[in-house]
Amino acid sequence: MQIASSVKETFTQTIQTLFPEVTSDSLTYNLLAISAIFVASVLFYILSRIVLQLQIHHLITRSRNDWDDALLNHGFFRRLSHLVPALVIYLSTPVLISDENVLHGFLLKSSLLYMMFTALMAVFALLSTIQDIYNKSYLAKRASITGFIQVAKLFFSVIVLLLSISLVVDKSPIIIMSGLTALAAVLLLIFRDTILGFVAGIQIAANRMFNTGDWIQITKFEVDGEILEIGLTNVKVQNWDKTISTLPSYSLTTEAVKNWRGMQESGGRRIKRAIYIDIHSIKLCDSHMIKRFSRIRYISEYINEKLKALQAYHKDYSIDEGDLLNSRRLTNIGTFRAYLEAYLKKHTDINQSLTLMVRQLPPNELGLPLEVYCFCAKKEWVAYEKVQADIFDHIMAMLPMFDLRAYQRDSYFPQRLSFDNDSPEQNESAPPTP
């Protein structure tokens, strides 16, 4: 108190020396006092910035820690420096301006509001630093905390807002909160997405359902890509065409979402594709076909074992191999299926520890579907598509070796026949193309 009194007395004497007619209650004195307060706050702010830039910045650059660099990048120390002028205004106002003056209360409330806003910005920078440090750790691959950081920022913002309102209206924050209960229904409507997003964020984090970097697919929203950010109210997904889709956070828990994380963490990416075999090309194998098939390396052993099994069957049941009705014979489609299985088992880009098979699906109007079901060891999109294309290139090229044909609708081929024949009568009597 003695220091404050001496400061005020010195300031008053200085003003009266320059302006003899000025008193402590005059307008000129108040204007000069306010000017002095603001000049002092600006000077202290400049000094604090110089100290922060020279000292703290020097210490941070020499440190090997990452958290202090993150604090500096998010402006934590720069925002704290704004507390200095606010404190100067708050401490010097009672000294230079009397309590009965209207400016006294105005400057005190303004300085307190400034300090609360500055503290809020500093807390935001601190929370953002925590988020950056967490995202660099291995825990970020298990659960994202972006939603919780946003909830914390919202919580502190609401507290500062309530304190600011109570400071302006000179009412207790408890009284203000009790008055807000009447607006609870309206607040629920306003913060509906925020509340739903917060609940969804807890479910996602607790069950480890999604995380940044996951490949998700939502048919309803035409979303197919990687998650960039899981926020409190929105989720950003970058689709494979480089477009960015934004959808509500709670949609990840309320809609049907396919997460490809399991494929990325597994040993392979599934290949499941069928080719349609023309049923008219399926037939029994004769001796020439069996002789040709036995020279194929992948199925030579299979052919020998099948022939021995058929000979034993014919011998046990006394069936002559020339009896076409009762004898058992190999088929070109069955031999081709055995060849494909052997080919896939020898393929270096197929994971042999996962399911591998070549199966027949129910025939339809397009022919007999022959489906390849296996898992590619390469999970990257481009490499996976290349391996899949190479496999089916080989399958299509090997069909004629087994006297098989792939079904294909060809509307051009009958028209080509009409040009090859000389007379319309021959065209009309020409047999249909199989």
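In what follows, every heavy atom counts, from backbone to side chain, and hydrogens, waters and symmetry copies are set aside.
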Measuring from atom [atom1] of [X] to atom [atom2] of [Y], what distance do you get when rounded to the nearest 0.5 angstrom?
X      : Y      : atom1 : atom2 : result
Phe375 : Ile350 : CZ    : CD1   : 10.5 Å
Thr233 : Asp193 : OG1   : CG    : 7.0 Å
Arg295 : Met401 : CZ    : CE    : 8.5 Å
Met398 : Tyr343 : CE    : OH    : 9.5 Å
Gln352 : Cys374 : CD    : SG    : 8.5 Å
Met121 : Arg79  : CE    : CZ    : 6.0 Å

Within-4.5 Å side-chain heavy-atom neighbours: [X] and [Y]:
X      : Y      : answer
Tyr407 : Leu368 : no
Pro369 : Asn364 : yes
Leu344 : Glu341 : no
Leu71  : Leu126 : yes
Val168 : Lys109 : no
Leu167 : Leu163 : no
Asp393 : Asp390 : yes
Tyr313 : Asp316 : no

Using a 6.0 Å cut-off, check whether atom [atom1] of [X] has over 12 heavy atoms from anything other than its own residue.
X      : atom1 : value
Lys378 : NZ    : no
Glu229 : CD    : yes
Phe117 : CZ    : no
Phe106 : CZ    : no
Phe44  : CZ    : no
Met357 : CE    : yes
Tyr90  : OH    : no
Phe38  : CZ    : no

Give the minimum heavy-atom separation between [X] and [Y], together with the two atoms involved.
X      : Y      : value
Cys285 : Arg329 : O-NH2, 3.1 Å
Phe76  : Ala122 : CD1-O, 3.3 Å
Ala152 : Leu127 : CB-CD1, 3.9 Å
Ser157 : Leu120 : N-CD1, 3.9 Å
Ser41  : Pro85  : O-CB, 3.6 Å
Gln264 : Gly213 : OE1-O, 4.5 Å

(message) Within the 3.5 Å criterion, strictly below it, is a donor on Lys379 or Ser266 matched to an acceptor on the partner's side chain?
(response)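 Ser266 and Lys379 do not have a side-chain donor-acceptor pair below 3.5 Å.
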(request) Assess the side chains of His288 and Asp286: does a donor N or O sit below 3.5 Å from an acceptor N or O? (result) no
(request) For Ile277 and Phe402, run side chain to side chain contact (heavy atoms under 4.5 Å, CB included): C-alpha distance rounded to whole Å, both residues' side-chain angles, the deciding distance at 0.1 Å, then the answer. (result) CA-CA 12 Å; Ile277 305 297; Phe402 292 85; over 6 Å; no
(request) Fit a plane to each ring of Tyr114 and His82, take the angle between them on a 0 to 90° scale, and name the class: parallel (under 30°), tilted (30 to 60°) or perpendicular (over 60°). (result) perpendicular
(message) Over 60° means perpendicular and under 30° means parallel, so tell me whether Phe148 and Phe198 are parallel, tilted or perpendicular.
(response)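 Phe148 vs Phe198 ring planes: perpendicular.
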(message) Could you go through Leu370 and Phe336, starting from their C-alpha distance and side-chain angles, then the distance that decides it, and tell me whether this counts as side chain to side chain contact (heavy atoms under 4.5 Å, CB included)?
(response) CA-CA 10 Å; Leu370 193 65; Phe336 182 62; 3.7 Å; yes
(request) Kindly say whether the aromatic ring centers of Tyr339 and Tyr302 come within a distance under 6.0 Å. (result)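 Judged by ring-centre distance (under 6.0 Å), Tyr339 and Tyr302 do not meet the cut-off.
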Between [X] and [Y], is there a donor-acceptor pair closer than 3.5 Å when you use the side chain of the first and the backbone of the second?
X      : Y      : answer
Ser110 : Leu107 : no
Arg359 : Glu371 : no
Thr335 : Asn332 : no
Ser249 : Asn234 : yes
His314 : Leu310 : yes
Tyr384 : Arg270 : yes
Asp132 : Ala70  : no
Thr243 : Asn239 : no
Thr118 : Leu83  : no

(request) Assess whether side chain to side chain contact (heavy atoms under 4.5 Å, CB included) is satisfied between Leu247 and Glu255, documenting all intermediate values. (result) CA-CA 11 Å; Leu247 56 149; Glu255 302 294 339; over 6 Å; no
(message) With a 4.0 Å cut-off on N to O distance, would you call Asp403 and Arg292 a salt bridge?
(response) yes
(request) Please list all pairs passing the salt bridge (charged side-chain N to carboxylate O under 4.0 Å, His left out) test where one or both residues lie in residues 259-268, with sequence neighbours left out. (result) Asp214-Arg261
(message) Does Leu252 form a side chain to side chain contact (heavy atoms under 4.5 Å, CB included) with Ile216? I'd like the steps, not just the answer.
(response) CA-CA 10 Å; Leu252 294 181; Ile216 65 171; 4.1 Å; yes
(request) Check side chain to side chain donor-acceptor pair (under 3.5 Å) between Tyr250 and all other residues, then give those that pass, not counting sequence neighbours. (result) none
